[in-house]
Number of protein chains: 2
Amino acid sequence: MRVAAHTDQTVHEILQSMVKKGWRITEQRRTLATLFAHAEGYLSPRDVYDHMTKKYPGMSFDTVYRNLRLLSEMGVLEQFYLNDGLKFKARCQSHHHHHLICLTCEKTYTFEFCPMPSVPELPASFDVVSHRFEIFGYCSDCKQSRKQEKEADKEDE
Amino acid sequence: MRVAAHTDQTVHEILQSMVKKGWRITEQRRTLATLFAHAEGYLSPRDVYDHMTKKYPGMSFDTVYRNLRLLSEMGVLEQFYLNDGLKFKARCQSHHHHHLICLTCEKTYTFEFCPMPSVPELPASFDVVSHRFEIFGYCSDCKQSRKQEKEADKEDE
DNA sequence: CTAGATGCAAACGATTTGCATTACT
DNA sequence: AGTAATGCAAATCGTTTGCATCTAG
């Protein structure tokens, strides 16, 4: 199956969504948009804060949270509860698909197969609204590092 | 497709898991086991606390959390982040399957179809560890109440 | 200019921890 | 009896809120 690196929303698309909603484009929001447009996986509020404060040392956590929440409500970002808390990434706007998610680096890889068409008939009494299908594992990069760790462990014995 | 009401672990099975791990069976843990064995859907720590304090008015929140965590680590309970926080339910031990989840009452309905066998070949470079597939919607009970609410809304106009 | 965005500090809710007491085994 | 489980209170963490100040439009 064709599995693509995550296709991002462009910075421009994200900023456009903000403008459409009548929100102001501040320096920080521009940087935030750039961050998410280029991110390959899920980011925690902490990740975002750390990244932003490098450029804007005065930036506060509540501004990060405020913008994450606003962008989520707007549909620009999607949330996902991963291992150790809520994470965010730019929602794929293009088309419906699912993800491979690396348990180590939390990068996502798009794949096109959707199981819903092959699901046998569900009870008519249940109104289907949405579904989720994710495959978890280790991407080639992280698999590599895990392998090396194991070998290092053996040497210790 | 055959969709069954959730098949629970029995109280006995849950207690056995505790004993196997060398944990003591207290009055409260017995009640906790009974609660989860009979629960039809996900329970929040708050739900559990409310249920437990009816029987044991002195029971504290931290005991609820401690036991939820222990039971989760033991594999008796599974966690799920649903809308408004972390929820718990007895893990289905019997066999692999997936769930319909009602967005209102959070009850779960088991179905037997698993999409993994039909997934086209994934890149060999990705080590698959697990997957999740859930279908969200409204069960017949909650659909009914939603319908009634809508009608009530119309009358207000 | 002026509504919306930010920084600060404080509030808040959910969860965890330390310690003395209680109760399974 | 001895050790694990509990209750209590306080600490901690992540997230939200109120308000004065600042800034994009």
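In what follows, chains are A, B, ... by sequence order, proteins preceding strands, each numbered from 1. These numbers come from the heavy atoms of this one structure, side chains and all, not from hydrogens, waters or symmetry mates.
Of the N and O atoms on the side chains of T31(A) and T34(A), not one donor lies less than 3.5 Å from an acceptor on the other residue. Between the side chains of H131(A) and H98(B), no donor N or O sits under 3.5 Å from an acceptor N or O.
Residue order along DNA chain D, read from the 5' end via each residue's closest nucleotide, puts G22(B) first among G22(B) and M59(B).
Ion pairing between a basic and an acidic side chain is recognised when a charged N comes within 4.0 Å of a carboxylate O; E27(B) and R29(B) show no such pairing. The pair D50(A)-R46(A) meets the salt-bridge criterion, with a side-chain N (NZ, NE, NH1 or NH2) lying under 4.0 Å from an Asp/Glu carboxylate O. Using a cut-off of 4.0 Å between Lys/Arg side-chain N and Asp/Glu carboxylate O, K107(A) and E40(A) are scored as salt-bridged.
Taking the six-membered ring where the residue is Trp, F80(B) and F136(B) present tilted rings, their angle falling between 30° and 60°.
To the nearest angstrom, C1' of dG13(C) lies 10 Å from CZ of F61(B).
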Can you tabulate the close N/O pairs, meaning under 3.5 Å, that link protein atoms to atoms of nucleotides 23-25 of chain C?
| unit_1 | atom_1 | unit_2 | atom_2 | d |
| --- | --- | --- | --- | --- |
| dC24(C) | O3' | I25(B) | O | 3.3 |
| dC24(C) | O2 | R24(B) | NH1 | 3.2 |
| dT25(C) | OP1 | I25(B) | N | 2.6 |

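A heavy-atom distance below 4.0 Å to DNA chain D is reached by these residues of residues 62-80 of chain A, ordered by number: D62(A), Y65(A), R66(A), R69(A).
Annotation: side chain of Y138(B) is not in contact with side chain of C105(B) (no heavy-atom distance under 4.5 Å).
In terms of heavy-atom proximity, P115(B) sits nearest to F113(A) at O-CE2, 4.4 Å. Here the closest heavy-atom approach between residue A33(A) and residue L15(A) is recorded as CB-CD2, 3.9 Å.
When atom types are taken as modelled, the side chain of S72(B) and the backbone of L68(B) share a donor-acceptor pair closer than 3.5 angstrom.
Between chain A and DNA chain D, the heavy-atom contact criterion of under 4.0 Å yields a 5' to 3' nucleotide range of dG14(D) to dG25(D).
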